[in-house]
S.K.: 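Got a structure for you, written out below as structure tokens; questions coming shortly.
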Amino acid sequence: MEFKTDALVLKATDYKENDKLLTLFTPSKGKVTAGIRGVRKRGAKLSFAAQPFCFAEYVLAEKGGRYTVTAAYLYDGFYSLRTDIVRYYAACSVLEICNALLVEEGESEAVFIAAVEALKGLALTDGDAAELLLSFSLTALHQSGYMIDLDGCGICGGEVKENAYFDFEAGYFTCSACASGVRASESTYQTLRKCAGLSYDEEKTSGGGKRALRLIKTYLAEKTEEEYPCFGEFIRLCE
């Protein structure tokens with residue numbers, strides 16, 4: 001049986017002499033592992049479809065619970081990402097997060113759209129790479145059941161100001177009076193509110209980008225028990 005699906009290549013691994021195994025992110029089936037034959041040969045027609053970041057319509061043949069790519073029609077390969085190391089690692093972080101949070105055969109349309117939009121923003125605009133990655137991360141965490149609560153103190157509901165704290169287990173910030181979790185900064189909180197599309201104080205976001213990135217990476221690692229090396233490299237490059 002064959003079917004068509006939009007998909008984003010999260011990972012490509014060499015397999016046998018000329019083939020590859022792809023980890024595809026599809027909106028209706030989540031992560032799908034699919035073989036693609038002959039793409040390591042010189043001049044292979046479908047070589048583009050076996051590259052990370054490839055966003056295309058894939059035709060998949062299913063047999064015995066296994067998938068094989070039989071055709072692909074490119075939407076965008078986001079090739080410009082390979083010319084800017086900072087934006088490249090931000091984009092790799094998007095794929096890394098998807099691979100860690102997604103499950104096989106699970107519908108993930110909202111995360112799929114967010115991932116594609118993040119890659120478009122990184123490849124086709126001059127938007128702030130850190131903010132694009134943070135915005136995607138917050139959406140992916142929310143849709144995966146690991147929502148970070150940015151609506152005031154998670155305990156008393158009061159304002160989160162200078163002496164802020166973040167509870168990694170509960171996924172919320174707390175005020176100085178409640179003081180649950182580890183010390184954070186108001187700039188981190190305000191930056192995350194900005195990236196979540198909430199109201200924020202621009203004057204209090206100064207320096208918050210790097211802190212917010214570190215917080216999100218740590219939170220992801222604790223929730224998924226993954227290491228996120230690309231995310232770590234992106235943070236290093238931002239310093």
Side-chain angles (χ1 to χ4, degrees), residues 1-127 129 132-133 135-137 139-140 143-144 230-231 234:
M1 180 184 75
E2 284 192 345
F3 66 94
K4 294 180 180 180
T5 181
D6 289 345
L8 185 64
V9 177
L10 301 181
K11 186 177 179 182
T13 306
D14 290 346
Y15 180 67
K16 294 185 177 178
E17 186 175 354
N18 295 306
D19 306 341
K20 286 194 175 187
L21 286 177
L22 306 181
T23 302
L24 298 176
F25 177 12
T26 71
S28 61
K29 291 181 176 290
K31 282 197 301 187
V32 170
T33 300
I36 185 166
R37 295 171 180 161
V39 291
R40 295 170 63 196
K41 294 180 181 178
R42 186 169 186 156
K45 184 178 179 181
L46 290 178
S47 60
F48 73 89
Q51 302 298 318
F53 308 128
C54 179
F55 172 41
E57 180 184 64
Y58 284 79
V59 181
L60 301 179
E62 180 183 5
K63 184 177 181 181
R66 296 184 177 183
Y67 299 97
T68 302
V69 177
T70 59
Y73 306 94
L74 183 67
Y75 295 135
D76 202 327
F78 303 112
Y79 300 112
S80 64
L81 291 170
R82 294 161 177 81
T83 66
D84 185 322
I85 191 169
V86 174
R87 300 179 90 78
Y88 172 78
Y89 272 101
C92 287
S93 300
V94 170
L95 302 190
E96 199 171 57
I97 292 167
C98 290
N99 197 39
L101 291 177
L102 296 171
V103 296
E104 300 272 352
E105 304 293 333
E107 187 274 332
S108 304
E109 185 172 0
V111 180
F112 183 84
I113 292 171
V116 171
E117 289 303 311
L119 294 180
K120 285 182 179 179
L122 289 165
L124 306 175
T125 78
D126 59 358
L132 288 166
L133 177 56
S135 293
F136 166 73
S137 300
T139 297
Q143 294 295 326
S144 302
C230 292
F231 203 145
F234 175 68

S.K.: Any non-hydrogen side-chain atom of F78 less than 4.5 Å from a side-chain atom of L122?
M.R.: no

S.K.: Over all heavy atoms of both residues, which pair between R82 and G77 is shortest? Give the atoms and the distance, please.
M.R.: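 The answer is NH1-O, 3.5 Å.
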
S.K.: For the CG atom of L102 and the NZ atom of K29, what is their distance to the nearest 0.5 Å?
M.R.: 14.5 Å

S.K.: Going by side-chain contact (heavy atoms from CB on, under 4.5 Å), name the residues that satisfy it together with T13, two or more places apart in sequence or in a different chain.
M.R.: K11

S.K.: When rounded to the nearest 0.5 angstrom, what is the spacing between CG in L119 and CG in D76?
M.R.: 9.0 Å

S.K.: Which value, rounded to the nearest 0.5 Å, describes the distance between I36 atom CD1 and N18 atom CG?
M.R.: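 If we round to the nearest 0.5 Å, I36:CD1 and N18:CG are 12.5 Å apart.
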
S.K.: Under 3.5 Å, which donor-acceptor pairs link side chains of residues 63-73 to any protein atom two or more places apart or in another chain?
M.R.:
from, atom 1, to, atom 2, distance (Å)
Y67, OH, E105, OE2, 3.1
T70, OG1, E2, OE2, 3.3
T70, OG1, V59, O, 3.3

S.K.: Could you grab the distance from atom OG1 of T125 to atom CZ of R87, nearest 0.5 Å is fine?
M.R.: 5.5 Å

S.K.: Would you name the heavy atoms of F55 and L8 that are closest together and state the gap between them?
M.R.: CB-CD1, 4.0 Å

S.K.: Give a yes or no on this: more than 12 heavy atoms of other residues, nucleotides or ligands lie within 6.0 Å of atom CD of E109.
M.R.: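 Incorrect, the count does not exceed 12.
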
S.K.: Roughly how far, to the nearest 0.5 Å, is NZ of K16 from CZ of R37?
M.R.: 7.5 Å

S.K.: Looking at every non-hydrogen atom in both residues, tell me the closest pair between L81 and Y88 and how far apart they are.
M.R.: O-CB, 3.2 Å

S.K.: Locate the shortest heavy-atom distance separating G38 from D19; write the atom from each residue and the value.
M.R.: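 Between these two residues, the closest heavy atoms are N-OD1, 2.8 Å.
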
S.K.: Can you check whether T26 reaches F112 side chain to side chain, under 4.5 Å on heavy atoms?
M.R.: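 No; the side chains remain at least 4.5 Å from each other.
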
S.K.: Could you walk me through whether T33 and E104 pass the side-chain contact (heavy atoms from CB on, under 4.5 Å) check?
M.R.: CA-CA 9 Å; T33 300; E104 300 272 352; 3.7 Å; yes

S.K.: Run the salt bridge (Lys or Arg N to Asp or Glu O under 4.0 Å) test against K4 and tell me which residues pass, sequence neighbours left out.
M.R.: none

S.K.: Going by side chain to side chain donor-acceptor pair (under 3.5 Å), name the residues that satisfy it together with D6, two or more places apart in sequence or in a different chain.
M.R.: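 Checked D6 against side chain to side chain donor-acceptor pair (under 3.5 Å); matches are Y75.
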
S.K.: If I compare all heavy atoms of Y58 with all of L22, which pair ends up nearest, and what's the gap?
M.R.: CE2-CD1, 4.4 Å

S.K.: Please check if the side chain of S108 supplies one atom and the backbone of G30 the other of a donor-acceptor pair under 3.5 Å.
M.R.: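 Looks like no, no N/O pair under 3.5 Å.
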
S.K.: Heavy atoms, side chains only, cut-off 4.5 Å: are R40 and E17 in contact?
M.R.: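 Side chain of R40 against side chain of E17, heavy atoms only: no contact under 4.5 Å found.
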
S.K.: So, taking the atom named CG in L132 and the one named OG in S137, what distance separates them when rounded to the nearest 0.5 Å?
M.R.: 10.5 Å

S.K.: Return the minimal non-hydrogen interatomic distance between A118 and F136, and the atom names on each side.
M.R.: CB-CB, 4.0 Å

S.K.: May I have the list of side-chain donor-acceptor pairs in residues 93-100 shorter than 3.5 Å, sequence neighbours left out?
M.R.:
from, atom 1, to, atom 2, distance (Å)
S93, OG, Y89, O, 2.7
S93, OG, C230, O, 3.4
S93, OG, F231, N, 3.2
E96, OE1, C230, N, 3.3
E96, OE1, F231, N, 3.0
E96, OE2, C230, N, 2.9
N99, OD1, K31, NZ, 3.4

S.K.: Taking distance alone, no hydrogens or angles, what donor-acceptor pairs closer than 3.5 Å link side-chain atoms of residues 45-54 to residues at least two apart or in another chain?
M.R.:
from, atom 1, to, atom 2, distance (Å)
S47, OG, A44, O, 3.2
Q51, NE2, S47, O, 3.4

